[in-house]
Amino acid sequence: MKNITDCKAWMDSHKDIVVDLIRIYLGVALFAKGLYFMMHKEALSKLLEGADTMAFVQGAVAHYVIPAHLVGGLLLALGLLTRLAALSQIPILLGAVFYVWLPKVLLVEQRENFELSVLVLFLLGLIFVYGAGRLSVDHLLTRKENRQLEAHSAA
């Protein structure tokens, strides 16, 4: 029981690192999903077919989803332009939740996809609000800028 208490105490004192680990994991997962869709375009087309959209809309969505997952996932994993990267993913997940999975929510197999999409959407919202933590390029850049500002103001 002591180990669990120690772990909880560490997590309470390092909340930003816990959020960073979630951000990194989510970024890698979104990047991997982008690679999957890029290599298996028929899987993305099959998902979009069930959403009752026109062929033009399906093509436009496919041309947005793949680069957004690749670039946005990489940026999230690195913690570079974190809020912008999370924001670019939110419309994709909103579409997945409301247009792809919600109409199929009564089917047990599809409900799991719905729940996962809602979870990813929720985590992206949290990352958008929270921003980058200590384990990010954004943090390194702002820390470097703050040092330069302090050096100029001291002179």
Side-chain angles (χ1 to χ4, degrees), residues 3-51 53 57-105 107-147:
N3 290 336
I4 293 174
T5 305
D6 291 343
C7 183
K8 185 177 181 324
W10 183 87
M11 287 177 67
D12 285 341
S13 64
H14 296 87
K15 288 180 183 169
D16 60 330
I17 293 178
V18 173
V19 173
D20 273 341
L21 292 174
I22 292 170
R23 174 188 49 79
I24 292 166
Y25 177 80
L26 192 59
V28 170
L30 288 169
F31 181 80
K33 192 68 166 184
L35 282 177
Y36 175 80
F37 282 149
M38 187 171 67
M39 290 189 273
H40 301 94
K41 291 182 181 168
E42 69 279 354
L44 182 59
S45 297
K46 187 177 177 184
L47 284 175
L48 294 174
E49 283 174 5
T53 58
V57 173
Q58 292 176 4
V61 167
H63 282 86
Y64 174 68
V65 169
I66 294 171
H69 275 348
L70 290 173
V71 175
L74 186 62
L75 290 175
L76 277 174
L78 295 173
L80 180 63
L81 303 172
T82 305
R83 286 192 169 102
L84 182 64
L87 184 64
S88 71
Q89 301 296 317
I90 290 174
I92 297 169
L93 271 295
L94 284 171
V97 167
F98 290 107
Y99 294 110
V100 177
W101 301 121
L102 189 61
K104 302 174 186 176
V105 78
L107 303 172
V108 175
E109 305 87 25
Q110 304 303 325
R111 190 173 60 233
E112 293 172 359
N113 292 322
F114 171 74
E115 292 167 355
L116 181 62
S117 295
V118 170
L119 175 63
V120 172
L121 179 62
F122 175 74
L123 291 174
L124 284 169
L126 287 179
I127 291 168
F128 177 72
V129 171
Y130 186 80
R134 278 191 272 177
L135 303 177
S136 67
V137 175
D138 286 345
H139 180 72
L140 293 174
L141 293 175
T142 56
R143 195 171 67 185
K144 185 177 179 182
E145 288 174 6
N146 289 341
R147 284 189 202 149

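Heavy-atom basis, side chains included; hydrogens, waters and symmetry copies ignored. These figures come from a predicted structure and were not determined experimentally.
- Within the 4.5 Å cutoff, no side-chain heavy atoms of Val100 are placed close to those of Asn113.
- Legend: residues meeting side-chain contact (heavy atoms from CB on, under 4.5 Å) with Phe37, ordered by chain and number and at least two apart, are Lys33, Leu44, Leu47, Val65, Ile66, His69.
- Qualifying side-chain hydrogen bond (donor to acceptor under 3.5 Å, both in side chains) partners for Ser88, counting only residues two or more places apart in sequence or in other chains: none.
- At a threshold of 4.5 Å between non-hydrogen side-chain atoms, the residues Leu26 and Leu124 count as touching.
- Panel note: side chain Asp20, backbone Arg134; a donor-acceptor pair is recorded below 3.5 Å.
- The structure places CZ of Phe122 at 8.0 Å from CG of Leu119, a figure rounded to the nearest 0.5 Å.
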Just do the side-chain contact (heavy atoms from CB on, under 4.5 Å) check on Val19 and Leu126 with the steps written out, would you?
CA-CA 9 Å; Val19 173; Leu126 287 179; over 6 Å; no
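- Considering every non-hydrogen atom in both Ala68 and Ile92, the closest pair reads CB-CD1, 3.5 Å.
- The CD atom of Gln89 sits 10.0 Å away from the CG atom of Leu84 when rounded to the nearest 0.5 Å.
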Output, in order, the C-alpha distance, side-chain angles, deciding distance and verdict of side-chain contact (heavy atoms from CB on, under 4.5 Å) for Asp138 and Leu80.
CA-CA 5 Å; Asp138 286 345; Leu80 180 63; 3.8 Å; yes
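- Scored by the side-chain contact (heavy atoms from CB on, under 4.5 Å) test, Phe31 finds Leu35, Leu70, Leu74 as partners (sequence neighbours excluded).
- Among residues two or more places apart in sequence or in another chain, the side-chain contact (heavy atoms from CB on, under 4.5 Å) test is passed with Tyr36 by His40, Ala43.
- With rounding to the nearest 0.5 angstrom, the CG atom of Leu81 is 10.0 Å from the CG atom of Leu76.
- In this structure, CG on Leu94 lies 5.0 Å from CG on Leu121, to the nearest 0.5 angstrom.
- With sequence neighbours left out, Arg143 forms a side-chain contact (heavy atoms from CB on, under 4.5 Å) with His139, Leu140, Arg147.
- Summarising the geometry of Thr82 relative to Ala132, their closest heavy-atom pair is OG1-CB, 3.3 Å, with the distance given to 0.1 Å.
- Pairs of residues two or more places apart, or lying in two chains, never qualify as salt bridge (charged side-chain N to carboxylate O under 4.0 Å, His left out) while including a residue from residues 63-76.
- When atom types are taken as modelled, the side chain of Arg83 and the backbone of Ile127 share no donor-acceptor pair closer than 3.5 angstrom.
- Of all heavy-atom pairs between Gly133 and Ser136, the closest is O-OG, 2.7 Å.
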